[in-house]
Amino acid sequence: MRVLGIETTCDETAASVVERLPDGRGRILSNVVLSQTKKHAAYGGVVPEIASRAHVDALDSIIAQALKGANLGLDGIDGVAAAAGPGLIGGVIVGLTEAKAVAFAANKPFLAVNHLEAHALTARLTDGIDFPYLLLLVSGGHTQLLAVEGVGRYTRLGTTIDDAIGEAFDKVAKLLGLGYPGGPAVERKAKEGDPRRFAFPRPMVGRPEPNFSLAGLKTAVRIEAEKIAPVSERDVADLCAGFQAAVVDMVLDRSGLALQLFQRTYGRPSAFVVAGGVAANMAVRDGLLKLADEARIPLVAPPLELCGDNGAMIAWAGAERLALGMKDGLGFAPRARWPLDEAAALPGARA
Ligand code: KG4
Ligand code: ZN
């Protein structure tokens with residue numbers, strides 16, 4: 001079974017063809033990602049209107065490249081999937097509408113995929129792991145700990161009560177003049193810095209629910225930076241190192257707690273999976289590796305190109321759903337917010 005997947009929820013225009021083999025394993029036949037980073041860099045963040053227009057301009061050609069890369073025409077596809085949310089609504093509308101049109105024209109099943117579900121299921125594509133597993137999803141828009149029980153079955157254990165972790169990296173980068181996207185830039189600077197020079201807070205650490213909070217930490221970085229302004233190269237490196245160390249401590253404390261809670265309900269997870277753009281951060285990865293090792297649970301971190309937003313994860317989530325006989329109607333509405341665990345969604349919390 002081969003599925004075309006389309007991703008346009010943020011600032012990547014992406015399409016991919018993924019094959020699901022009868023034994024449940026997956027194979028990526030093509031994976032085309034066009035990043036709009038340069039278009040947004042001047043603004044220090046993604047500008048929704050610029051993003052939607054760029055998706056409109058690029059999507060046809062990205063889909064054509066994905067099909068070509070897989071050596072297939074639309075007749076060789078068994079389904080068309082698009083991320084229907086959560087995300088920037090303009091971009092979501094572009095990808096979803098295009099996917100519906102392609103599915104309709106080619107007379108193939110259409111699948112409306114939750115972008116978060118796609119991140120959550122990527123580890124089954126790359127590593128073929130079984131349910132249930134614990135997932136830490138950390139990106140520019142999301143920071144969640146989830147029990148992944150099956151396709152379409154997720155229980156949220158924890159979430160951020162304010163900013164997402166990637167968003168905090170981006171804001172710290174902006175405030176220190178490091179440009180956008182901030183995560184990789186902060187990580188690079190942090191390597192040269194002293195994480196002990198500034199005593200930044202470890203928000204939420206020790207709290208009985210595995211939630212996160214980034215707003216206070218971000219403010220603490222700003223206050224320290226203002227105190228010592230104008231900041232030197234050395235100061236910037238130390239501020240980045242201190243910030244990153246605080247984030248890692250928070251992530252490890254919260255993840256350790258989530259692991260305990262998971263085991264109480266489900267027993268041993270098949271894996272501890274980390275996904276989303278922040279999973280590219282080596283300090284975060286190294287910390288999680290130690291945590292998982294101590295718990296004797298395999299850590300599964302998708303390869304870097306599958307950590308950030310991409311079409312393969314959408315295609316794979318579509319394939320998993322299609323294999324279970326699920327499909328969606330062409331009336332499926334785009335969703336700016338779409339929590340994986342609707343029951344646990346906090347009012348106003350980030351989906
Ligand atoms: O998953 P993703 O590509 O897009 C969504 O937000 O859905 O994640 C992008 C986020 C950005 O906030 C970026 O700064 C962050 O992931 N990020 C990083 C690193 N690479 C990307 N954060 C920390 N360290 C990194 N190396
Ligand atoms: Zn994402």
Side-chain angles (χ1 to χ4, degrees), residues 5-14 16 31 33-37 40-41 43-46 48 51 82-88 91-92 95 113-122 135-144 146 160 163-176 178-191 193 212 214 217-218 221 240-241 243-248 250-251 273-288 301-314 316-317 336-340 350-351:
I6 297 171
E7 159 61 34
T8 55
T9 63
C10 192
D11 61 343
E12 269 90 25
T13 313
S16 157
N31 191 19
V33 182
L34 176 70
S35 171
Q36 306 174 357
T37 304
H40 302 283
Y43 306 94
V46 178
L88 301 173
V92 175
V113 167
N114 182 315
H115 176 95
L116 303 177
E117 171 167 54
H119 275 304
L121 296 176
T122 300
L135 171 74
L136 171 67
L137 177 57
V138 274
S139 72
H142 341 289
T143 297
Q144 309 199 345
L146 290 158
T160 178
D163 293 352
I165 294 183
E167 185 182 4
F169 268 93
D170 293 337
K171 286 179 177 171
V172 164
K174 190 172 182 180
L175 123 100
L176 297 176
L178 296 179
Y180 175 84
V186 170
E187 180 175 12
R188 262 194 310 277
K189 288 285 171 196
K191 278 204 192 88
F212 299 78
L214 277 299
L217 177 56
K218 177 193 68 194
V221 175
C240 287
F243 165 75
Q244 184 173 276
V247 169
V248 170
M250 176 170 42
V251 167
V273 178
V274 54
V278 182
N281 185 289
M282 282 304 159
V284 172
R285 274 191 187 224
D286 288 348
L288 290 173
L304 293 188
E305 71 272 17
L306 296 177
C307 278
D309 292 346
N310 63 86
M313 68 180 196
I314 306 297
W316 174 250
R337 282 170 188 257
W338 185 2
L340 270 185
R350 292 185 171 266

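Each ligand, and each atom within it, is numbered from 1 in the order the structure gives. Since the structure is predicted, the reported quantities are computational estimates derived from the model, not experimental observations.
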S.K.: Any atoms of ligand 1 less than 4.0 Å from a non-hydrogen atom of G166? List them with their elements.
M.R.: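 So the answer, numbered in order with elements, is 12 (O), 14 (O).
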S.K.: Donor-acceptor pair, distance only, cut-off 3.5 Å: does the side chain of N310 make one with the backbone of V33?
M.R.: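 Here the side-chain-to-backbone pair does not exist.
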S.K.: Taking the Zn ion (ligand 2) as the vertex, measure the angle between atom NE2 in H119 and atom NE2 in H115; round to 10°.
M.R.: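 Taking the Zn ion (ligand 2) as the apex, the two atoms subtend 90°.
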S.K.: Any atoms of ligand 1 less than 4.0 Å from a non-hydrogen atom of G308? List them with their elements.
M.R.: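 By the 4.0 Å cutoff, the relevant atoms are 1 (O), 3 (O).
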S.K.: Under the 3.5 angstrom rule, does the side chain of R337 hit a backbone N or O of P86 as a donor-acceptor pair?
M.R.: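 Such a contact is absent between R337 side chain and P86 backbone.
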S.K.: Between F169 and F243, does the ring centroid distance fall short of 6.0 Å?
M.R.: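 Yes, ring centres under 6.0 Å apart.
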S.K.: Do you see an N/O/S atom of H142, backbone or side chain, under 2.8 Å from the Zn ion (ligand 2)?
M.R.: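 No, outside the cut-off.
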S.K.: Keeping T143 on the side-chain end and I165 on the backbone end, is there a donor-acceptor pair under 3.5 Å?
M.R.: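 Yes, T143 side chain to I165 backbone: donor-acceptor pair under 3.5 Å.
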S.K.: Among protein heavy atoms, which lies nearest atom 9 (C) of ligand 1, and at what distance?
M.R.: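 Checked against all protein heavy atoms, atom 9 (C) of ligand 1 sits closest to G140 N, 3.8 Å.
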S.K.: Does W338 reach the main-chain N or O of A84 with its side chain, forming a donor-acceptor pair under 3.5 Å?
M.R.: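 Checked: no pair found.
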S.K.: Given 3.5 Å as the limit, does a donor-acceptor pair link the side chain of E7 with the main chain of I314, or not?
M.R.: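 Pair absent, no side-chain N/O of E7 close to backbone of I314.
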S.K.: Do any N/O atoms on E12 end up under 3.5 angstrom from N/O atoms on ligand 1?
M.R.: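 By distance alone, the answer is no.
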S.K.: Among all protein non-hydrogen atoms, which one is nearest to atom 24 (N) of ligand 1, and what is the separation to 0.1 Å?
M.R.: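 In this structure, atom 24 (N) of ligand 1 has N281 ND2, 3.0 Å as its nearest protein heavy atom.
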S.K.: Between the Zn ion (ligand 2) and C10, is there an N, O or S atom separated by less than 2.8 Å?
M.R.: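 Looking at C10, which is the residue asked about, there is no N, O or S atom under 2.8 Å from the Zn ion (ligand 2).
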S.K.: Which of the N/O/S atoms in D309 sits closest to the Zn ion (ligand 2)?
M.R.: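 Of all N, O or S atoms belonging to D309, OD1 is the one nearest the Zn ion (ligand 2).
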S.K.: Using only atom types and a distance under 3.5 Å, with no angle test, would you say the side chain of D170 pairs donor to acceptor with the backbone of P181?
M.R.: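 Not at all, since once roles are kept as given, no pair shorter than 3.5 Å links the two residues.
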S.K.: Quick check on P184 - does any of its heavy atoms sit under 4.0 Å from an atom of ligand 1?
M.R.: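 Contact present.
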S.K.: If you have a sec, work out which protein heavy atom is nearest atom 12 (O) of ligand 1 and how many Å separate them, to one decimal?
M.R.: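 Going atom by atom, the protein heavy atom closest to atom 12 (O) of ligand 1 ends up being D170 OD2, 2.7 Å.
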S.K.: Please state which protein non-hydrogen atom is closest to atom 21 (C) of ligand 1 and give its distance, to 0.1 Å?
M.R.: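 Ranking protein heavy atoms by distance from atom 21 (C) of ligand 1, first comes G277 O, 3.4 Å.
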S.K.: Could you identify the single nearest non-hydrogen protein atom to atom 26 (N) of ligand 1 and state the distance to 0.1 Å?
M.R.: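 That would be E187 OE1, 2.7 Å.
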S.K.: Where is the nearest protein heavy atom to atom 15 (C) of ligand 1: which residue, which atom, and how far?
M.R.: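 Result for atom 15 (C) of ligand 1: V278 CG2, 4.0 Å.
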S.K.: Would you mind checking which non-hydrogen protein atom is closest to atom 18 (C) of ligand 1, with the distance to 0.1 Å?
M.R.: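 Result: G183 CA, 3.4 Å.
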S.K.: Under the side-chain contact (heavy atoms from CB on, under 4.5 Å) rule, what do E117 and L340 come out as? Steps first, then yes or no, please.
M.R.: CA-CA 7 Å; E117 171 167 54; L340 270 185; 3.8 Å; yes
S.K.: Between T8 (side chain) and G91 (backbone), is there a donor-acceptor pair under 3.5 Å?
M.R.: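 Pair found, side chain donor or acceptor close to backbone of G91.
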S.K.: Atoms of ligand 1 less than 4.0 Å from G141 heavy atoms?
M.R.: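 Listed by number with element, the hits are 6 (O).
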S.K.: In the protein, which heavy atom is nearest to atom 7 (O) of ligand 1, and how far is it?
M.R.: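 That would be D309 OD2, 3.2 Å.
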S.K.: Do side-chain atoms of T9 reach the backbone of G87 as a donor and acceptor pair under 3.5 angstrom?
M.R.: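 Not confirmed, T9 side chain does not pair with G87 backbone.
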S.K.: SG of C307 to CZ of R285: how many Å apart, nearest 0.5 Å?
M.R.: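 Rounded to the nearest 0.5 Å, the SG-CZ separation comes to 4.5 Å.
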